[in-house]
Amino acid sequence: LGAAAATAIPVLADIATAPTRAQQHRLKAIRALRTLGLPLCTDVSQMLGQVFADQSDVALCRETAVLLLQFSSDENKALSVLTDQIGPWFPVNARKAALLALSNLPFAALPAIPFISEIALNEDDDLEVRIQAITARDKLTKGLPSAAPE
């Protein structure tokens with residue numbers, strides 16, 4: 001699988017970043033890259049970062065951000081995409097999905113804990129989003145030295 005996977009990475013990245021491809025094909029390419037579980041070279045990471053140029057495709061941006069946070073060194077932009085998607089200007093389902101994604105990225109998502117905690121404590125926010133935020137916060141802070149939930 002090693003050589004075949006290494007050959008597939010640039011092809012999958014090309015599919016994921018091709019705006020002429022159907023959204024479902026682009027998402028499948030991102031998910032395939034995640035399934036491979038191999039580190040991404042700088043060129044591939046930069047190529048995948050092009051997905052963020054058009055953030056209207058929330059799911060594609062979220063999946064790409066998760067991929068980059070898991071297997072790349074390009075964490076700043078990817079983390080900012082996910083923390084942006086938990087904002088109140090996004091639909092509830094998108095916010096919940098971004099919170100779930102962050103909760104599954106323990107170390108990479110640590111800088112997002114203050115934003116997640118803010119949502120968890122905001123009584124004016126959507127109840128489903130707050131529940132997801134509380135779950136994410138508790139999961140991310142579990143085992144941290146001074147991480148008692150508020």
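The model shown is predicted, which means the values in this text are computed figures rather than measured ones. The chain is numbered in sequence order, starting from 1.
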Gap separating the [atom1] atom of [X] from the [atom2] atom of [Y], nearest 0.5 angstrom:
| X | Y | atom1 | atom2 | answer |
| --- | --- | --- | --- | --- |
| S45 | Q50 | OG | CD | 11.5 Å |
| N93 | E128 | CG | CD | 7.5 Å |
| I9 | D14 | CD1 | CG | 13.5 Å |

inquiry  = Other residues, nucleotides and ligands only: do more than 12 of their heavy atoms fall within 6.0 Å of CD on Q23?
reply    = yes
So [Y] and [X], do their side chains get closer than 4.5 Å, heavy atoms only?
| X | Y | result |
| --- | --- | --- |
| R137 | I134 | yes |
| L36 | L12 | yes |
| L105 | L140 | no |
| K96 | I131 | no |
| L82 | V66 | yes |

How far apart are the closest heavy atoms of [X] and [Y], and which atoms are they?
| X | Y | value |
| --- | --- | --- |
| L110 | P114 | O-CD, 4.1 Å |
| R26 | L60 | CZ-CD2, 3.3 Å |
| L68 | A78 | CB-CB, 3.9 Å |
| R130 | N122 | CD-O, 2.8 Å |
| A94 | R62 | O-NH1, 4.1 Å |
| A133 | I119 | CB-CG2, 3.6 Å |

task = Answer yes when E63 and R34 have at least one side-chain N-carboxylate O distance shorter than 4.0 Å, and no when they do not.
result =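 Result for this pair is yes, salt bridge flagged.
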query = If you measure from the Lys or Arg side-chain nitrogens to the Asp or Glu carboxylate oxygens, is any gap between D125 and R95 under 4.0 Å?
reply = yes
Treating Ile, Leu, Val, Met, Phe, Trp and Tyr as nodes and any side-chain heavy-atom pair under 4.5 angstrom as an edge, say whether [X] and [Y] lie in one connected cluster.
| X | Y | value |
| --- | --- | --- |
| W89 | I86 | no |
| I113 | L69 | yes |
| F90 | I116 | no |
| F115 | V92 | yes |

ask   = Checking side chain to side chain contact (heavy atoms under 4.5 Å, CB included) against V51, which of T64, V81, L67, D57 comes through?
value =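 Single pass found, and it is T64.
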ask   = Does the S103 side chain pair with the main chain of L100, one donor and one acceptor, at a distance under 3.5 Å?
value = yes
